[in-house]
Amino acid sequence: MTNKRSKGGIIDYSKVIYFSFNNKSLCGFKGDTLASALIANGIFLVGRSFKYHRPRGVMSAGSEEPNGLVTIKRSGSTVPNVLATTLELYPGLEAFSQNCWPSVENDFLAINDLLAPFLTAGFYYKTFMWPKSFWEAVYEPIIRKAAGLGSLNTKSDPDEYDKGFLHCDLLVVGAGVAGLWAAKLATKAGLKVLLADEDFLVGGRTLSETELLGGMKGVDWASKILDELKRSANFRYLSRTTVYGTYDHGIFGALEKVSDHMPVSPEGKPRQTLWRIYSRASLICSGATERITAFPNNDRPGIMQAGALRSFVNRWSIIPKGPVIVFSSTGDGERTVRDLLSNGISVRALIDSREITKENIFESDGVEVFRGAKVIDTFGRKGITHAEIETEIGEKKKLECRLLAVSTGWNPNIHLTSHHRAKPRWNKKIHSFVAQDKLPNNMFVAGAAAGVFSTPDIFTDVTKKTEIIIALLGFKKSKFTAPSVENIFYAQVESDVIWHISNGNKRAWVDLQNDVTVKDIQLSHQEGFVSVEHLKRYTTLGMATDQGKNSNVTGLAIMAEITGKSLENVGTTIFRPPYIPISIGALAGRSRDKNFRPVRLTPSHHWAKENGAVFIEAGQWLRAQYFPRPGETNWRQSVDREVLVTRSSVGVCDVSTLGKIDIQGKDSTEFINRVYANGFARLPVGKSRYGLMLREDGIVMDDGTTARLGETHYIMTTTTANAVGVFRHLEFCRQCLWPNLDVHLISTTESWAQFAIAGPNSRRVLRKVVDKEFDISNDAFPFMACGELTVFSGIRARLFRISFSGELAYEVAVPSKFGNSMMAKLTEVAAEFDGVPYGTEALGVMRIEKGHVAGNELNGQTTARDLGMAKFVSTKKDSIGAVLSRREGLNSDDGYSLVGIKPHSKSDVLVAGSHLFSNGSEITAKFDQGYITSAAYSPSLESSIALGLLKRGDKRIGENIKVVNLLAKSNTEAKVVSPHFIDPNGERLRG
Amino acid sequence: MKALTPFGIEYMKKRLINGININEEEIKALASIGCAGSLHKALSRKLKKTFNMQTPSPGQSVSKNNNRLCWTAQGQWLLESDKTFSQGFDAYLIENLGKEFAITDQTSGWVKFSLSGNHVLTVLEKCIMLDCHEMTAGAFNRCSMEHIGIYVLCEKAKYEFSIYGPRSFAQSLYHSLTQAIKSI
């Protein structure tokens, strides 16, 4: 059954569009939305409701739609919860109803509606209580399967998304009459104006009404203004763009639907773009939403907002089959009847709840007008067939209808004004919430969004507010006369307040998307959930995709009535961003798959890749984890080989990821002495020293070595993980704590490629690398020496004799551009001594064998004392964290100490995170003695080994303990040993 | 030893996509210069003498004889030269400007991409939060791109810009820029 078109409206009849709904082929025209095309095709039943699976149809014509959610096929995938009311029709569109099986016509779970008495608000909190074990295994899976709106496609999103940043003096949200007029005034005054609207046409509500602006139809006036504006270089228009959130400092989030109106996105182009908009001022012209009134069975397909019906008739030129009943408490009822009649649509009656004396202007058209009447029930399973009304004198009548248009007033769309937590205020005149007068970040509200509903008043309001903004931003206004308005309709004048209508036990729906009824709200009150926030959570009112755009105010009004409070006193909920659902794809933008975050490549990355390295993510870095050789079948074989070769001969490792900070200035020594806990005042030029950095609260922040290259020139190294944090900390110290010190900090992590050369043959390797004129003998270049020299015939380099492995070792740095070649050369030379490259895994094993602390131990909870470095906190000077490190709580007798742990049996494996218990003690948290921080298999000791933090550990060397891994249910006998498994006296590294 | 670009190759990447030229530019010499407030005038004199340039104000750069001096922070500038210095740019600057200034060689630490074309602003607004529409030739600002700290230099208003990014991020930056260009 197809509805006729009037050949008017804003439709391009020359472009027929074929699409399908529930596999049924249909056609519409360019300019249609899916909702308008479905209604034009006589389809009112679109989906099934969330909880009771009741038949539902399109109720609105915009993004506030609670019912018209469909799943569409797109780019070989599916997208759920697409609003039929905002989805532009495109050729080949395939849309499907949601929440129904096997079909929207015959839905198996419609049985839920019969069980409604048991499925009231919060039923799942009260039922399914026993047996307890059934909740997770039985009840929850069943409820989850039955509930929900649409089904998420678990495949990767085939579409591309983009993001961007825009700047303007004035952001105008909404391109209706108010927004367009504001944009015109501001643009002409010279402001950089950005106008955004979620529709694909400008004009807003004027597209759906019959008022004439400047003698023109709304659509023509709006197009003319836009064309005019587009000629200005300081104006920009974002079509199909919803401003969904307001953030600090005048920043807004907006979603542009770039190609949602196309079957597929053009090659390389995004489906949607997420914009971050920086504005000096904003004018919210987001219009108003027609409110819902809860009357019995107000949810049947064919019952819709009167404003929406006028849109479908005036904008989309649909002539639905009547008869239509219009139920209204405002002047919009008469406007609707007038528009319907003028399009030849049969109107059965106007039910006007207002008890006013007014003549029936539609008498000659056969329309009955019932003043002081109300709709008390509706009938028809899959579409409305009758409405029952109660007249002023209490008489009940059952009237036939195919459509019921409801108009009970408008609520300004003030969501964006309350994202900063500015609570809306109640306006008694229009019976609705409006934004506060003073909003942050030069935000203003105008037009219907400010509760101004007549078009001439809107021009006055917008002009006034735009002129304030123009002056505020330092521009000069120009004079423009607002266009004349003909055919004016004062919608909300003499309106009646009608929030809900009771009729026995019949259900009246407040939130159609969440199936929340008046009774649910009453139950919420009865059970003590009186606060607005509790009401929302208990009943789910105002949740899901529409976020209560229609229902919130009605819900609050009902709660106010129940509690006997006025509506302004019952309170209102704060709207939160986003205003419309935003897909995860849009939030991710181009950051997806392997590019979901930036990756840092080491200077020798390309060499490592060519040499078969297996990589591991270390923060943002991609580091070589190990270098497998032919015949090695697992990573342990490769790592064991790399460790053993390094300890017996030589190994080379790229350690460029360590943070490197160039510190210069005449006060640099004093600066370093203050940021490190240990003394640096007497570090000679040409020497390096281990440094321990504390946080202000005395906890260890980071460690590393600092080399003194000149009197006022140092190179500080940090751990890879803390490179940025330490640099930020130093800048804070320099700029905020000690601005008088002459210190300059530059991160040189990127500038230098640094390589560890470790093992007894490391000096022999270096002799072939360092240019001949430099003496690197043990005497000339002893342990902890540093200096600048050249390598491979003149390449500038820096050499540090430091060791993380415990072996005789050096770190050599060259400019990063030589990093790849340097690694190639170093391994080539090392190979002459049977040396190998090694990765982070071997690096980690060797530092555990040596007992060096790293990120696992510097975990933000440990003190210098815990790590066996109490003496590093100098008492001869002041430094950051020194005082608070002496707090009693950090120095108790049963504090942690770093220890080594070795299992009794070589076949036992220790795992990081395992907990330590005394032999014979109960394995409960009460008796916990500590935990393992790092663990590895030591090929040198042929045993699993670990570092751990054990209570009084320094006094328990030699004690047998239990290592308990509750996750793996293992309990291992182990011994507490020195954390220095290898070369405890440090003879190798000084050799 | 061979000097390689961050992409592990010996030549600079150059591409034309959607009417936008995206070229990797060789950085021959780059160093930061810092000084205490009390030495600012002395540094200005030395820079004038050596490079015939005055220190630029915040958000700006100055260019002379293929050298460019950019403001990076209070009392800190970045100097780029199109000459190569075998002993290091820092050594040359220390010799010519003096030891009293904090000079750090950064020649190897950065990757530089130039973007030019009629729609370059459309690309940049997809990538960075700076209002590049308002940048005039010589404007130089720090901002972030994909959470990576970068510098943006306007070479020619509304037409040509240079992006300086950390060398290790070169691949991610390049990917992000080329994706943005493809999407316009």
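In the text below, chain A, chain B and the rest are named by the order of the sequence lines, each starting its count at 1.
A/I795 touches chain B through its side chain: at least one heavy atom from C-beta onward sits under 4.5 Å away, while N, CA, C and O do not. A/K609 does not touch chain B: none of its heavy atoms, backbone or side chain, sits under 4.5 Å away. Within the 4.5 angstrom heavy-atom criterion, no atom of A/I715 approaches chain B. Only the backbone of A/S747 comes within less than 4.5 Å of a heavy atom of chain B; no side-chain atom from C-beta onward does. With a 4.5 Å cut-off on non-hydrogen atoms, B/I103 touches chain A through its backbone but not through its side chain. Using a 4.5 Å cut-off between heavy atoms, A/Q620 contacts chain B through its side chain alone, with no backbone atom that close. B/E146 touches chain A through backbone and side chain together, each having a heavy atom under 4.5 Å away. At a 4.5 Å heavy-atom cutoff, B/A170 makes no contact with chain A through either its backbone or its side chain. Using a 4.5 Å cut-off between heavy atoms, B/Q74 does not touch chain A at all. Using a 4.5 Å cut-off between heavy atoms, A/W621 contacts chain B through its side chain alone, with no backbone atom that close. Heavy atoms of B/L130 lying under 4.5 Å from chain A belong exclusively to its backbone. If you measure heavy-atom distances from B/I184 to chain A, the contacts under 4.5 Å come from the backbone alone. Heavy atoms of B/D105 lying under 4.5 Å from chain A belong to its backbone as well as its side chain.
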Query raised in the report: Step by step, would you call A/R276 with B/M129 a side chain to side chain contact (heavy atoms under 4.5 Å, CB included)?
Result: CA-CA 8 Å; A/R276 190 191 294 181; B/M129 60 186 81; 4.0 Å; yes

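Counting heavy atoms from C-beta outward, B/E125 and A/W275 have side chains that approach closer than 4.5 Å. Put simply, the side chain of A/I746 reaches to within 4.5 Å of the side chain of B/Q106, judged on heavy atoms. Between B/K99 and A/Q664 the shortest side-chain heavy-atom distance does not fall below 4.5 Å. With contacts defined as side-chain heavy-atom distances shorter than 4.5 Å, the pair A/R590/B/K126 qualifies. B/F101 has its side chain out of reach of A/H744: every pair of non-hydrogen atoms, C-beta onward, lies at least 4.5 Å apart.
Contact record, B/S108 with A/S751: CB-O, 3.5 Å, taken as the closest heavy-atom pair. Between A/R600 and B/S168, the shortest heavy-atom contact is NE-OG, 3.0 Å. The two atoms that bring A/K192 and B/D131 nearest to each other are NZ-OD2, 2.9 Å, heavy atoms only. Scanning all heavy atoms of the two residues, the minimum distance from B/S183 to A/D162 falls at OG-OD2, 2.5 Å. Contact between A/K269 and B/K182 at its shortest, heavy atoms only, is NZ-O, 3.3 Å.
The main-chain N or O of B/R167 is found under 3.5 Å from a side-chain atom of A/E750 such that the two form a donor-acceptor pair. With hydrogens and angles disregarded, no donor-acceptor distance shorter than 3.5 Å links the side chain of A/H713 to the backbone of B/A102.
Most heavy-atom pairs under 4.5 Å with chain A: of the set B/I148, B/T5, B/D90, B/N18, this distinction falls to B/D90. For the set B/C132, B/C35, B/P6, the count of heavy-atom pairs under 4.5 angstrom toward chain A peaks at B/C35.
Chain B is approached within less than 4.5 Å, heavy atom to heavy atom, by A/S816, A/K817, A/F818, A/N820, A/S821, A/M822, A/K825 from residues 816-829 of chain A, ordered by number.
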